[in-house]
Amino acid sequence: MLEFQILDVDYIMLNDKPVVRIFGKTASGETVCAFYEGYMPYFYARGKGVLDLLKNEPLVVRTEGVRRKFVFDNDEAKEVIKITLRNPAKTPELREKLRMNGVKPYEADILFKYRFMNDVGLGGLGWVGVAENNISTNTVKVRRVIKADKLTSIKRDEDALLKYLALDIECVPITPGAVPEARKDPIILISLVFNQEYKGKKSLVLSTRRDQYVMGFDDEKAMLEELIKIINDYDPDVITGYNINSFDFPYILERMKQNNVRPVFGRCNQKYVVARKVGMRYRVSITGRIMVDSFEIVKKDFFLQRYGLDFVAETLLKEKKEDVKHSEIEKLWKGDQEGFRKLISYSRKDSVLAMDLVLKLNLVDKYIALSKVSGTLLQDTLDSGETARIENFLLREFDKEGYVFPCKPDGAEISKREKERVVGLKGGFVLEPEKKLHSNVAVLDFASMYPSIIQTFNICPTTIVRNGGSADVIKTPSGARFLPKETRKGIIPKIVEELMKNRRRTKKKLERCTDPGKRSALDAEQWALKIMANAFYGYFGYSRARIYDLDIANAITTCGRETIKKTANTIEKDFGYRVIYGDTDSVFVKMPEEDMKKIYDIANDISTKITKQLPGIMELEFEKVFKRFLPLTKKRYVAWRFIPVEKEGRIEWEEGMEMKGIETVRRDWCGLVSDTMKEIIEMILKKDDAKGAVNYFRDVVISLVKGNIPIQKLVIRKTMTKSPGSYVGVQPHIELVKKLQARNPAEAPGIGDRIGYVIVKGTQLLSKRAEDPVYIMEKGLQIDSHYYIENQLLPPLERIFRGLGVSKPELLGNGKQIGILDALRNHRAPETKPIKELSVGEMNGFICSKCNKFYPRVPLIGTCECGGNLLFSSSQGPAEWVVT
DNA sequence: ATGGTCCGGGG
DNA sequence: GTGTACGGACCAT
């Protein structure tokens, strides 16, 4: 018996019959492909004259009457026709023909590979056992090809060791200065990085220019052919890169087409690698391998200001990227050897970073876990959303219970649902918060509220009672009624229960596990189980769902609304505490105590007692304490948070800041805004010093007006996506590029470059006053402090201060006394001082400009105790700013 | 408020 | 491949 883990599944037609192929890897790292013959595509149909319609249909192998249940049909099995056909690809044709004739098809849009996997009991990244019946074929590129008569699903937790390849290309336009187009502009450089050494190498760079550091080629065609050879030879399971799905691979494939190179580098020798355009993006599929785009995952899993590789590598990996602007590539390529070598190392580094992102941050772990829970193939888990996972999962469960699964809704149905949803779907209950700064707030919340509700009230499309008055039903507050589980347990509640049970088990395992690699996988697993359990509620209210039902979606949310209202009420009436805020599944309770231990006891007492009164498995838990809590509006607040963690029987508190619905980082804000916001929020919350926060804000304003803020903190970045001439409106970064072109055409930014600009003082239109930071320093220009105050700092900060009851005039010191802005109006900012450059390495702390007190780190208040501004300090004394 | 358009990442 | 699948910010009616 040979056991392997499933990486990919597809099928081919052989002698007019489908053959399913399961690609995978053994624990020892051997590649395997199992061929399975004799499995035929089928679906179901119900309606008048089905059999007559199919009588002389050549696509059909056979029809048979079977008894199946229907999702909203109260468990009553009815006759339905099971249609088996010859070719999976012909299913849509037959399906539409039936629809035209008023026949309703079921399960007629399930991908053949998933139909097969679900019937046989296999799933993405699951393990499978086959008898070692080796055959020989040159159609697939794997170590062992097996003809499988029987496939046995095996329960096994570990993962086969995967081989990774990271890739990055560089290309240069034929027309100088243009943006490269795959149709005509060649690839000049390809860098490859291997996680397992390839011919003794960790990386490799191919190029059509010769150099001792690259593998050189006479032309692009020869280079592309070698690329294919290397991929096939190294044989990676995963191919990664930064934005490879939307850039590198579509580009490579187009170049191969132009050069008449056949793109065959998957594990099937007959199938070309293709990039399908889907919406504005591309999706690349390579048989037997998995494409992992580290850019797409980082964008989904991390919230960052920007997603350029340079920024991402620096924030996530603390690694620097080679500094080469897009518009420079052409010059380096055509220039001297030194420049070319810079290009080589730039490209190599990009691949290294793409690989590091995936491996050091365990980017794939979550998706592996989701695949295992839902059964979807890893590639599909990476490419598609929640719906695909849920539906694949549900199809299996409903099939097992003897139900037929509905087809996807058509366009008309979707838009009908979208309209009714707007008015018909109720969300969670949100209490209007008392808008002021609160202290000592205990946050209690319901553990997995919606999954608990589904189980408690047995909410399911298979248990909903629509009409007729069975006396024995569960009534939910929305009016929807469900059979009690004693009568019949619903499929969804059963699934949710199973998922939650598994999650508890996994969390226990995680507690005991010390191996860091396994911990990461276990943590991903418990996360995936939670995600899946929580996804059902949203699914029934999603307009593209196969099982869509607003009554069910509303039954769930209404139960939640009632529960939270009742809970808040009980806490106020029976326990005598004030509930100052609540949202969907949480209540925020004002504590009459300062002492954390006492708060802990009170909050736990409340939650235990309320849990006892709650129906079913609903459970209220004490989650955390907000030492300070500042609500701005519904769903938006900042808080200083303490989470209790039990350690050896003692309670320790994990301290941190929490912000909900507050943008602290935004692409079009400069660094000063996020810095100031962070500082001010901390002063308000941690020091309870609203006055100090106002003063701090005023200090920033004054520094700004005096020209004391480092220019780097004022830089706003935007990308030039097309030539400056083709912009219709005036935009700051484009106006700056025009100026830079006039000053020095050779050094000016090109299309695709990110342009950092600062707004300077002047009478012209705002956009015309965008200036290059370096130029500002050289010429000693004055920045437009008014712009930075009104358009950058004030909009977000005013919202926060309003929460404290501080109005904008008060903030700026207008009012009785003379406002700071008025006082400064005639103050001429000094010319920017000459720069003293300082590298991070030389910097050893901060020093007060007034009293010379030294600080290794910036104190919380942001200024010296004496109120003086802090400067960077080095062994050579204080410096204006740090150049990194 | 609601709806269409632009843009991101990559070179 | 029995599939159609951004999403947020910004601007204009």
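Any value given below was found using the heavy atoms of this structure, including those in side chains, with hydrogens, waters and symmetry copies removed. Letters A, B, ... are given to chains in the order of the sequence lines, protein chains preceding strands, and every chain is numbered from 1.
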So, does A/Tyr307 get its side chain near the phosphate of B/dG10, meaning an N or O under 4.0 Å from OP1 or OP2? no
C1' spacing across the pair C/dA5 / B/dG11, given as an integer number of angstrom: 26 Å
When you measure from the side chain of A/Arg283, which nucleotide among C/dT2, C/dA5, B/dG11 comes out closest? C/dA5
Remember a base hit wins even if backbone is also touched, and classify A/Asp380 as base, sugar-phosphate or nothing at under 4.0 Å, heavy atoms. base
Measure CD1/A/Ile297 against C1'/B/dG10 and give the value in whole Å, please. 16 Å
Applying ring-ring contact (aromatic ring centres under 6.0 Å, His included), name anything that partners A/Tyr346, two or more places apart in sequence or on another chain. none
Base, sugar-phosphate alone, or nothing: which one does A/Phe112 contact when heavy atoms must sit under 4.0 Å apart? base
Considering every strand and a 4.0 Å limit on heavy-atom distances, what is the contact class for A/Gly385: base, sugar-phosphate, or nothing? nothing
Which part of the nucleic acid, if any, lies within contact of A/Pro41, taking any heavy atom under 4.0 Å across all strands shown: a base, the sugar-phosphate backbone alone, or nothing? base
What nucleotide, of B/dG10, C/dT4, C/dT2, holds the atom closest to the side chain of A/Arg115? C/dT2
Minimum-distance nucleotide (side-chain atoms of A/Pro92 versus B/dG11, B/dG9, C/dT2): C/dT2
Toward the 5' end of DNA chain C, which comes first, A/Tyr542 or A/Asp109, by nearest nucleotide? A/Asp109
By the 4.0 Å heavy-atom rule, please label A/Ile187 as base, sugar-phosphate, or nothing. nothing
Secondary-structure stems, DNA chain C, at least 3 Watson-Crick or G-U base pairs under 3.5 Å: B:2-8 with C:6-12
Gap between atoms CZ and P, on A/Phe247 and B/dC7 respectively (whole Å): 18 Å
Could you tell me whether the phosphate oxygens of B/dG11, OP1 or OP2, come under 4.0 Å of any side-chain nitrogen or oxygen in A/Tyr346? yes
Rounded to whole Å, please give me the gap between CG in A/Leu111 and P in C/dT2. 4 Å
Value rounded to 0.5 Å, distance of CG in A/Leu353 from CG in A/Asp168: 9.5 Å
Mind calculating the distance between OH (A/Tyr282) and P (B/dG9) to the nearest angstrom? 19 Å
Answer with base, sugar-phosphate or nothing: what part of the nucleic acid does A/Phe116 contact at a heavy-atom distance below 4.0 Å? nothing
Atom CD of A/Glu386 to atom P of C/dG7: distance rounded to whole Å? 11 Å
Across the strands shown, which category fits A/Ala178 at heavy-atom distances under 4.0 angstrom: base, sugar-phosphate, nothing? base
Just to be sure I understand the rule, does A/Tyr42 reach a base, reach only the sugar-phosphate, or reach nothing, if contact means heavy atoms closer than 4.0 Å? base
Is there a donor-acceptor pair closer than 3.5 Å between any side-chain N or O of A/Arg417 and the backbone N or O of A/Ala545? yes
Under 4.0 Å, counting only non-hydrogen atoms across every strand here, what does A/Asp350 touch: a base, just sugar-phosphate, or nothing? sugar-phosphate
How close or far is atom P of C/dT2 from atom CG of A/Leu395, stated in whole angstroms? 14 Å
CD1 of A/Ile169 versus P of B/dG10: gap in Å, rounded? 13 Å
Sequence neighbours excluded, which residues qualify as side chain to side chain donor-acceptor pair (under 3.5 Å) partners of A/Glu391? A/Tyr539, A/Arg546
Looking at residues at least two apart in the chain, or sitting in another chain, which of them share a salt bridge (charged side-chain N to carboxylate O under 4.0 Å, His left out) with A/Lys635? A/Asp583
Could I get the full list of side chain to side chain donor-acceptor pair (under 3.5 Å) partners for A/Lys113, not counting sequence neighbours? none
Would you classify A/Ile244 as touching base, sugar-phosphate or nothing, given that sugar-phosphate means primed atoms plus P, OP1 and OP2, and contacts are heavy atoms under 4.0 Å? nothing
So, using salt bridge (charged side-chain N to carboxylate O under 4.0 Å, His left out) as the criterion, who are the partners of A/Arg283 when residues are at least two apart? A/Glu296, A/Asp383
In whole Å, measure the gap between the P atoms of C/dT4 and B/dG9 for me. 29 Å
Measure from the ring center of A/Phe247 to the ring center of A/Tyr242 and say whether it is less than 6.0 Å. no
Taking only the side-chain heavy atoms of A/Arg544 (C-beta and beyond), determine which of B/dG10, B/dG11, C/dT4 contains the nearest atom. C/dT4
Which nucleotide sits closest to the side chain of A/Lys299: B/dG9, B/dG11, B/dG8? B/dG8
With sugar-phosphate meaning primed atoms plus P, OP1 and OP2, does A/Ile329 contact a base, only sugar-phosphate, or nothing at under 4.0 Å between heavy atoms? sugar-phosphate
Nearest whole angstrom, please: distance from the P of B/dG11 to the CG of A/Asp248. 7 Å
Salt bridge check: are A/Lys321 and A/Glu314 linked by an N-O gap of less than 4.0 Å? no
